[in-house]
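Heads up: the structure comes next, in structure tokens.
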Amino acid sequence: VKALALEHETPVYQPKSLKTDADEYIEILKDLKPDCIAVAAYGKILPKQVLDIPKYGCINVHASLLPKYRGAAPIQRAIINDEKYTGVTTMLMAEGLDTGDMLLQQQTEIGENETASELFERLADIGAQLLTETLKAAENGSLSPKPQDDELASYSPMIEKSICHIDLNRPVREVHKLICGLSEQPCAYIMLNSKRLKIYRSQIISDALPDGCSAGTFVGKKHFDIACSDGIIRFCEIQNEGGKRMSGEAFLNGKAIPFGQMLNIPT
């Protein structure tokens, strides 16, 4: 948005904070007399002085089906929690965190192997279209704001690095969805020969374990297949510490792992 604005000689204002720099920028906003303020992935709460300026209000584009997954990481958390559906909600901004009245909403199915980065791109397109529809409806007076049911609300906190270390003692589907939800940033990983091995893509191969096989056992031949607590997962796209991103097969061609080797599991 900034690059396009500068290209067309449109002024760009970038307050570091609408709290510490409130007086200066609130006066600028008042002088601009915006009909509406639209926010997408802003990550900050607008103060009431700003919320009250535009006649159509401040509208937020949020990447979840509110009131589920309020907060900073709705896309990643929806995948990690193995939700079948997610979507985009436009809402009137309030003083709380994603608590305002809902305006329009669109649902989409989450793919079995879809990563957070892929879903982000799809939701960005949906969000752009939904915001356009919302602004048109605001202008023609056809919006019907709907209060959120706080009893159905859930929160999606920021992703912390502590959840990125894959525990192969967990169920295979849980491991797979963690990998999908953390790709491409910050990325799930295992430890292999004391080095961090990032996993960008995975696939569930089996929801059952071979007899005598325990979690953390390497069971691949040509593929990077590893046992979890109740099944086999395949690491399809990986990156060794200090190395290049590549397929699991390409990695094994250069660094063979003995069949039956136990991989490091966090304790």
Side-chain angles (χ1 to χ4, degrees), residues 73-86 109-123 156 158-267:
I75 297 174
Q76 297 96 320
R77 296 288 180 182
I79 294 177
I80 291 171
N81 292 342
D82 200 10
E83 297 284 358
K84 305 307 177 188
Y85 296 91
T86 186
E109 190 172 359
I110 300 175
E112 171 65 18
N113 299 315
E114 188 168 23
T115 66
S117 59
E118 291 169 336
L119 182 56
F120 181 94
E121 294 296 329
R122 289 206 300 116
L123 294 181
S156 53
M158 291 180 66
I159 300 295
E160 297 182 354
K161 291 183 179 179
S162 58
I163 74 166
C164 297
H165 194 174
I166 297 169
D167 184 355
L168 295 170
N169 284 307
R170 305 300 301 169
V172 66
R173 186 163 190 85
E174 186 178 313
V175 172
H176 174 59
K177 285 301 179 177
L178 179 71
I179 291 167
C180 292
L182 296 179
S183 182
E184 295 189 355
Q185 287 289 340
C187 207
Y189 69 91
I190 62 169
M191 298 302 295
L192 180 63
N193 299 325
S194 301
K195 289 190 175 182
R196 185 173 297 192
L197 185 71
K198 291 183 176 180
I199 317 299
Y200 289 92
R201 289 185 181 278
S202 61
Q203 181 181 351
I204 297 173
I205 299 304
S206 172
D207 57 2
L209 286 178
D211 292 339
C213 182
S214 57
T217 306
F218 181 81
V219 294
K221 295 180 180 178
K222 294 182 179 180
H223 302 288
F224 205 129
D225 297 346
I226 301 177
C228 297
S229 68
D230 62 353
I232 306 297
I233 192 166
R234 177 170 294 167
F235 293 160
C236 304
E237 195 170 344
I238 63 181
Q239 183 178 16
N240 201 20
E241 190 173 325
K244 295 181 180 179
R245 188 167 165 176
M246 63 182 68
S247 69
E249 292 80 4
F251 179 85
L252 293 176
N253 286 337
K255 296 183 180 181
I257 300 175
F259 187 93
Q261 178 177 326
M262 290 291 295
L263 278 78
N264 292 344
I265 298 178
T267 56

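Note that this is a predicted model, so its numbers are computed, not measured.
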With no hydrogens and no angle check, is any side-chain donor or acceptor of [X] less than 3.5 Å from a backbone partner on [Y]?
| X | Y | answer |
| --- | --- | --- |
| Glu174 | Pro171 | no |
| Arg77 | Met158 | yes |
| Gln239 | Gly243 | yes |

**OP:** Compare all side-chain heavy atoms of Ile79 with those of Thr115 and state whether any distance is below 4.5 angstrom.
**Re:**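 Counting from C-beta outward, Ile79 and Thr115 never come under 4.5 Å.
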Original post:
Do Asp167 and Leu178 touch side chain to side chain, with heavy atoms closer than 4.5 Å?
Top reply: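 When only atoms from C-beta onward are counted, Leu178 and Asp167 do not touch, as no gap falls below 4.5 Å.
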Original post:
salt bridge (charged side-chain N to carboxylate O under 4.0 Å, His left out) with Glu184: which of Arg245, Arg201, Lys198?
Top reply: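 Testing each of Arg245, Arg201, Lys198 against Glu184, the sole residue satisfying salt bridge (charged side-chain N to carboxylate O under 4.0 Å, His left out) is Arg245.
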Nearest non-hydrogen partners of [X] and [Y], listed with the distance:
| X | Y | value |
| --- | --- | --- |
| Lys222 | Glu249 | O-CG, 3.3 Å |
| Cys164 | Pro186 | SG-CG, 3.5 Å |
| Ala227 | Ser214 | CB-O, 3.5 Å |

**OP:** Test Val175 against Ile226 for side chain to side chain contact (heavy atoms under 4.5 Å, CB included), laying out the working first.
**Re:** CA-CA 11 Å; Val175 172; Ile226 301 177; over 6 Å; no
**OP:** State the OG-CG distance between Ser229 and Leu168, to the nearest 0.5 angstrom.
**Re:**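 These two atoms lie 9.5 Å from each other.
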**OP:** Kindly write out the residues that satisfy ring-ring contact (aromatic ring centres under 6.0 Å, His included) with Phe218, not counting sequence neighbours, or none if the list is empty.
**Re:**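 In terms of ring-ring contact (aromatic ring centres under 6.0 Å, His included), with neighbours along the sequence ignored, Phe218 is linked to Phe224.
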Original post:
Are His176 and Asn113 linked by a side-chain donor-acceptor pair shorter than 3.5 Å?
Top reply: yes
**OP:** Could you check Ile204, Leu209, Val172, Asp207 and say which one makes a side chain to side chain contact (heavy atoms under 4.5 Å, CB included) with Ile232?
**Re:** Leu209
Subject >> Candidate list Asp82, Ile75, Thr86, test side chain to side chain contact (heavy atoms under 4.5 Å, CB included), partner Ile110, passing option >> reply: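 Only match with Ile110 under side chain to side chain contact (heavy atoms under 4.5 Å, CB included): Thr86.
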Subject >> Salt-bridge present (Glu83, Lys177; N to O < 4.0 Å) >> reply: no
